[in-house]
Structure formats: structure tokens, C-alpha cells
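The structure displayed is predicted, hence computed values, not measured ones.
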Amino acid sequence: MGSYFALVFVILFACLSGAANAQQFGAASFLNTNATTDSGNDTGVTLATDGAVWVAAWESTEEFGGPAGPDQDILISRSMDGGLTWGAPFLIHVSAIADGQTPDEFTSIATDGAGGWMAIWHSYFFTPGSRLLASYSSNDGAIWSLPLPVDSTLVYGSGIAKRPDVATDSEGTWLVTWEHYVTDTSTDPYVVVARSTDSGLHWTDHIFIDGVTRPAGTRDSAPQLVVVGDDWVLVWVRYGASSSDGEILVSRSTDDGDTWSSAVTINTSSSPDVCSSGIASAPELVRGDDTLLAIWSDTESAGGTTGCDSDIFVSRSTDDGVTWSAPLVINATATTDGPTGASDRVPQLAYDGSDRWLAAWDTPTGISTARSLDDGVSWTATQDIAAAGFGPLLATNGLGRWVLAWASAPPGGDFDIVHAIADGFCGDFLMEGPEECDDGNVVGEDGCAADCSLECGNAVLNGIEECDDGNRADGDGCAGACVVEQCFACAGEPSVCTADDGGACDDADPCTVGETCLATVCAGGGDAPDGTSCSDSTLCNGDESCIAGVCETTESAPVCTACRSCQASVGCAPSPEPGCHGPLEGLRPLLLLKERLDDLDKRRLSFKWLGEMTALPDFGNPETQDTYIVCLSDQSSGQQLPFMCTSAAGGAVCGNDPCWKATKNGFVYKDRNQTQPNSFLSKMTLKAGADGKAKIIIKAKGANIPLPQLQSLLAPMTVRVDVTSGGSWEAVFPPQSVIKQTDTLLKARLQ
């Protein structure tokens, strides 16, 4: 056993260290903490996080000393520190002890982001009449409910349910989709869905997706669900339709799964090509801020350029899944890894909320990844992450932490779950984890080395450094930023700095002029002209000007908006004023504005706030009386003034239904058709919770949004939400938070 584990880590460490600079995944370690003592096989891992809690589930034949039996059961492990350490694995369901030789498999887990988690899996032990079981946790995956059947219409001889996928709108509705075999002996599965609104206690009867109209003799497989705003989008693969190739299909529901749109084929080159036995498989769908990405593997040869082996394809949608881009091959080795047999399969995707995507997949020799820094438009070169293993799963907390898990074992050993962690990615403009800098590239000689370490201080001059004396200390002539300090002259490599007597300098006093250097000290000079702008470093007593060589206050003190007070060193800043709620450091509120002059109906506004503790009473009672006002302001006028405001009226009726609906821990406002006067809001979600759990999400779409010229907006920008009963929520986006600003897109995220 000892030599087996040594071999595993030699293989994993060797491969991961080679990819560290590009992908920044750290050393691999076992996720199942019993790896060195168990003898059962651990495979089929799935992974999810709400940003704070990480939950992994997988299939294991470990008997736990006898009670679980030799069959395959579902294990759970949790991490509370971003995947660094994991708790001991435990059986999710008590039936694992009583179900005898009946394996459990195909686990799917999802979270509502407020402590609720759902797990769905396929079981041959059903009680009675179901082959999908559901278990719910209301305490972040620590304790799980007794498994209950998802579809009670399935009984012996009448069908099988396999490969489930579960998702939630985080407002109390859960949907699960699966492969549905109408009899135990059938070989042509359908895709169906079921819905629960009571945390999995009860589920609707299964609803067929395109089941009545699909061509005879076809087989539907591997469905995946995702929530996009108020809608649900489903992807799956269909075999035996118009060709021998699999078709990747997408359908949408706007009524929580009761009805679904006609299926759209997104692998548009699925018709037979030079690869006569070409097959598409394993689709997955992931939602970004304003983009949907579908990923799958396909033996399509892309016009004969990639051979007939399986490669990884991606398609994008920017209109909630209605239309899709042409498929793009993202594994850069597609043209060189051989015409057949070198298959890349089972891809997975994750999105971090900053236009950054990471894809991982199986290769014939292990696990590979690629990433996109431009919302899926282009992808980096393929990186090999592990030289052994299969079945990768990805998750990210949106704060720079990525966790990649997979199953691995050398010949003769039992399988275990392995994982590796990445903290940010070098070359994406965001400085995270161990990075000392990140200038958006992996090219050196520009101050930031190819591995995102600072070049300053290495005693070697590069193209932008004025000096480099081998350290980053100030006061020795070459400053910590590798610029020559005043009253010094520096030369050589490493740089040697000496006093520059007689040179012009600045003593940092705005009310003096004409200073010169003497023995590295800047001194002398006379009074600056009266009226020269100056500052006494106290920002709460107004503006100052020079008078007779002295900096004196000449303007009135600033007036701060509500939820903010003046602090001497920073000016107007968030304050603990009662009723005001600000974001918490590290939770990264998001603001997204999107212009579409060619189609005003596709204008977008999106705002996501996570922050300070908000109690349910803080939200007032919008179902009957309290109105919410949302204002966006910027600095383009020279001061913070609103450029766009809207409201969600308390007690309003949208169509035939109330606009506001109470949820377990907050309220939801929906006005899909924007029927309310003086409002362009489509949806507002309010969630009460502790620090980091409180949430406000605002969505708007359509021509009614009075967008200004996005390029003209000037940070800092503020989004403020007020309720007439007195509560306020606010996020301020400074210039450094602006990720992208063009005529058609403004995206800002607090770091």
C-alpha cells in the first residue's frame, strides 16, 4: 500500500509542478482523508460551493468496517477553508447500511447559497417505486435528510432513471433532470424533469422534454440544467436523429419546467463529415454574468483539421440560450494529438464572475485544462495538470480560488479522490493568491515576470526599470519600485546609487518652489504663489490653498451621502450609521451595464451585492407597502450624482399577479414585461442573512433602461438601494474596480 501512494504522488507532483507557472495549481493531495487506510474504490466525484462552504460527493465501495457493505454508496466531505482541508467522509444516507448489494451512482449536488443543499443520485434500492433518491441539507451539508424518491411513478418493470442533474433558482424551486427509460429493458431514454418547491419532500411527476415530437428511434442522454434569470435552460445529447453523430440540443423553460421550447441544435456541424462514426457526448452548461457556455466532446473533425479523435468544443450564447455561436475547438492539441485514439473527453466548466472561465477534461494520459479571460471568446493553450486520473470536476468561489478534483490510482491500487487548488491565474489582470503582480500577460521584461512575480529587486535591469539594486527597500537611492529617488544618481547592474548634489528636487511642500539637493536632502527654495492648491492631509475640513507660503483652508468641508461619513485620511467612507449596509471585503459586488444599439430590447443591467448582516425586518414589507428605489451615480459631473434611477413599488401588481413575493428569508420582485410605471426593473432578489450571506440581486433587460453613454461614465460609481421604511444598501466601485469599459459594455467588480 505504501509504494502505491508514493507512486501516485510522484506522478501527480511531477506533472503539477510543470504546469504551475501557467495554471497555478498547487500540489495535489487526497480529498478523501481515508485514502491511505481504505481499500474501497472512490470515483465519480462531484463538487460545489456557495463561496464559503465546499461540498464534495462521490461513489465509494469502502465498507467502513462492515455496515456499508461492499456495494457502491455515496460519501460526502466538506471543506470550510476553501478546499485546503476536508472533513472525514461520511455516508449521506442511512439506506447505505440496509440496501445490501444495490449500488448508488450518478450523484448531482447543488446549493441555494443560503445553507440549503440538494443531492440527487441513482439507486437500485428504491422505497418504493423510484430509482432516483433525493436528500436535503439545511445546514451547509453537515446533516442530510432521509433519502426520498424523486419520481414515484417508476416501479419495477416500468422504467429506470439515470444520470440526474439538479439545479435551483435560489428562491425555493429545485428542478432535476435525468435520462428516463420507460421500461427496465428499454434502450432509448428520454430527457425528463421534475420540480420540488418544498426542499425535496415532494416532486412533480416527470415532464418530458421534446418527448412527444422527437424523431422515432432517437435516444436522449446526459441532460444538464442551469438557471438564467427567471428562466431554465437545458442541454442534452441526442443520438440516431438526422445522422449518426450526436446532436447537442438546448431547450428553454419560462414557467419553472412545466413547458419547454423547441430544441435547438448548437453543434451546427453535427452532420456526417469525414469521421463517419463521429459522436458528440457529455455536454455541460454553465452560466456567466451575461453569457451561457456549452461545452462537450465531439469526434467532429472541424472540416478535416482535427482528425477523428474526440476533441473539446464550446459554444456561446449572449441571449439566454436563444441563439448560439459556431462551435469552437478549445483543446489546442486538437490538430497535433493524432487523427484517432487520442481522445479528449468528459469536459467540465467553471466561471468565476470576472469573465474568466476554466475548462478541464480527460485525456488519454490524465487531466488537461484551458482557460478563457474574455468570457469564452478565446482560450489559452492546453495545460496538462495530472499525468494520471479521470473524471475531473471544477468549482470556484468567485474570489480567485479554484478547486479541481478527480479520481486516480496507479495499476493495482484502489481509486481515490485527488484534488488541487489554484489561487488566481497569472495574466488575467487580477492579483490573487501568491502573485506579486499581474499585468495581463505572461511576458517578462515589463516589470512583472512571466510567473507574475515582481522583476524589481532581482539586480537585473529590464526595459522599464530606472535602477535595480537587488532589493525593494526605499531610501537607498533606488526605491522599492525600481525608480531613482530624488537627490540620487544610479548606474550599473546591480545599480549603485550616489548623491546628486545641486540637482533640482521637490520637498513635497506645495507652498515652496525652487528647492535643490545637498547631501541627498532636498531643501531651500521660496514661497509658491498665493492661491496654489495644496492639502493639509485632512480631507474633512475643505480644500486648501497656499497663502504667504502656508497651506490654509479656503473652501467648505465636504458633505457625505447617507451611509457614509467623512474620515480624515480617506474622505467620505462607509460608516456604521443605523439602517445602512455596505459590502464586506472580499465578497466582490458586481455591476454590469450592456448597451445594444442594434437591438435595444437586449440592453442589460445587472447588480449583485453581498455584504453586511441584514435581518429580515430590515427589508420592510414590500408585499403591501414599502417601495424600493435603486439609483446609480458616477463622478462625470465632478461630484457623485445619479445618472439612472428606478423603483419597485410596494404592493404593486404585475399583470394578474403581485409583483412581490415573500420567500423563506426575504422577498422577490418580478416584472418580466416591465409593466410598472417609472420602473425598468425585471427582477429584484432580497435575502436576509449573516455577514457574507445577505444578498441583493437586481436585473433589468430591455429598451426601457435609460442607459447613458457607457464610455462617459466616470468612477467612482455608486449603486444604492433604499427602502421607504428606512433601510439602505450601497456599493461604491472605484476606478480600479472597472474591469472593462467600452461604448457597449461596462463591468466593474470590487476586489
Side-chain angles (χ1 to χ4, degrees), residues 163 165 167 177-180 188-193 207-228 231-254 257 259-288 291-306 308 310-331 334 344-349 359 361 376-377:
R163 293 181 177 85
D165 186 59
T177 181
W178 68 89
E179 292 179 8
H180 177 80
D188 56 344
Y190 293 80
V191 170
V192 299
V193 298
I207 300 166
F208 283 86
I209 306 298
D210 202 25
V212 177
T213 59
R214 76 175 190 178
T218 58
R219 298 177 294 114
D220 291 336
S221 180
Q224 295 280 310
L225 270 172
V226 70
V227 181
V228 181
D231 303 334
W232 300 77
V233 185
L234 179 70
V235 66
W236 73 99
V237 61
R238 172 170 292 171
Y239 300 110
S242 61
S243 72
S244 61
D245 295 351
E247 292 181 281
I248 305 298
L249 302 179
V250 168
S251 181
R252 303 168 66 251
S253 174
T254 59
T259 61
W260 293 82
S261 65
S262 297
V264 175
T265 301
I266 64 173
N267 58 327
T268 50
S269 56
S270 63
S271 58
D273 64 349
V274 297
C275 305
S276 59
S277 60
I279 294 179
S281 62
E284 190 187 20
L285 199 61
V286 176
R287 176 178 61 87
T291 303
L292 270 176
L293 254 62
I295 190 171
W296 67 94
S297 61
D298 202 331
T299 56
E300 157 68 33
S301 69
T305 62
T306 62
C308 291
S310 182
D311 292 303
I312 308 301
F313 289 74
V314 162
S315 181
R316 303 171 67 247
S317 174
T318 56
D319 55 10
D320 297 344
V322 177
T323 61
W324 293 82
S325 67
L328 172 70
V329 181
I330 69 167
N331 57 308
D344 299 273
R345 305 174 298 109
V346 197
Q348 294 288 311
L349 267 179
W361 61 88
V377 175

(message) I'd like to know if the side chain of T177 and the backbone of V192 have a donor-acceptor N/O pair within less than 3.5 Å.
(response) yes
(request) Identify the heavy atoms of I330 and A359 that sit nearest to each other, and give their distance. (result) CD1-CB, 3.8 Å
(request) Would you indicate whether the side-chain heavy atoms of W296 and V235 approach each other to under 4.5 Å? (result) no
(message) Keeping T265 on the side-chain end and L249 on the backbone end, is there a donor-acceptor pair under 3.5 Å?
(response) no
(request) Please state whether the rings of F208 and Y190 are parallel, tilted or perpendicular, taking 30° and 60° as the class boundaries. (result) perpendicular
(message) Test of understanding: with side chain to side chain donor-acceptor pair (under 3.5 Å), list the residues that count as partners of Q224, not counting sequence neighbours.
(response) none
(request) Report yes or no: does N267 contribute a side-chain atom to a donor-acceptor pair with the main-chain N or O of I248 at less than 3.5 Å? (result) yes
(message) Between D165 (side chain only) and P223 (backbone N and O only), is there a donor and an acceptor less than 3.5 Å apart?
(response) no
(message) Would you say that W260 contacts V193 through its side chain, given a criterion of any heavy-atom pair below 4.5 Å between the two side chains?
(response) yes
(request) Can you sort out the partners of S297 under side chain to side chain donor-acceptor pair (under 3.5 Å), two or more places apart, ordered by chain and number? (result) S281
(request) Could you list the residues that satisfy side chain to side chain donor-acceptor pair (under 3.5 Å) with D319, not counting sequence neighbours? (result) S317, T323
(message) Suppose we screen for side chain to side chain donor-acceptor pair (under 3.5 Å). Which residues come up paired with R287, at least two apart in sequence or across chains?
(response) none
(request) Check V237 against G246 and note the closest heavy-atom contact, atom names and distance. (result) CG2-CA, 4.1 Å
(message) Run D188 and R219 through salt bridge (charged side-chain N to carboxylate O under 4.0 Å, His left out) and show every step you take.
(response) CA-CA 5 Å; D188 56 344; R219 298 177 294 114; over 6 Å; no
(message) Here's a test for you: under side-chain contact (heavy atoms from CB on, under 4.5 Å), which of V191, V226, L285 qualifies with L234?
(response) V191
(message) In the structure I gave you, are the side-chain heavy atoms of V233 and D320 within less than 4.5 Å of one another anywhere?
(response) no
(message) Has E179 got a side-chain atom pairing as donor or acceptor with D220's backbone, closer than 3.5 angstrom?
(response) no
(message) Show the nearest heavy-atom pair for residues V329 and F313, with the distance to one decimal.
(response) CG2-CE2, 3.4 Å
(message) Nearest 0.5 Å, please: how far is CG in L293 from CH2 in W324?
(response) 7.5 Å
(request) Would you indicate whether the side-chain heavy atoms of W232 and V227 approach each other to under 4.5 Å? (result) yes
(request) Look only at the side chain of D344 and the backbone of I312, and say whether a donor-acceptor pair between them is shorter than 3.5 Å. (result) no
(message) If the condition is salt bridge (charged side-chain N to carboxylate O under 4.0 Å, His left out), which residues does E284 pass it with, not counting sequence neighbours?
(response) none
(request) Tell me, please, which residues at least two apart from S325 pass side-chain contact (heavy atoms from CB on, under 4.5 Å). (result) S315, R316
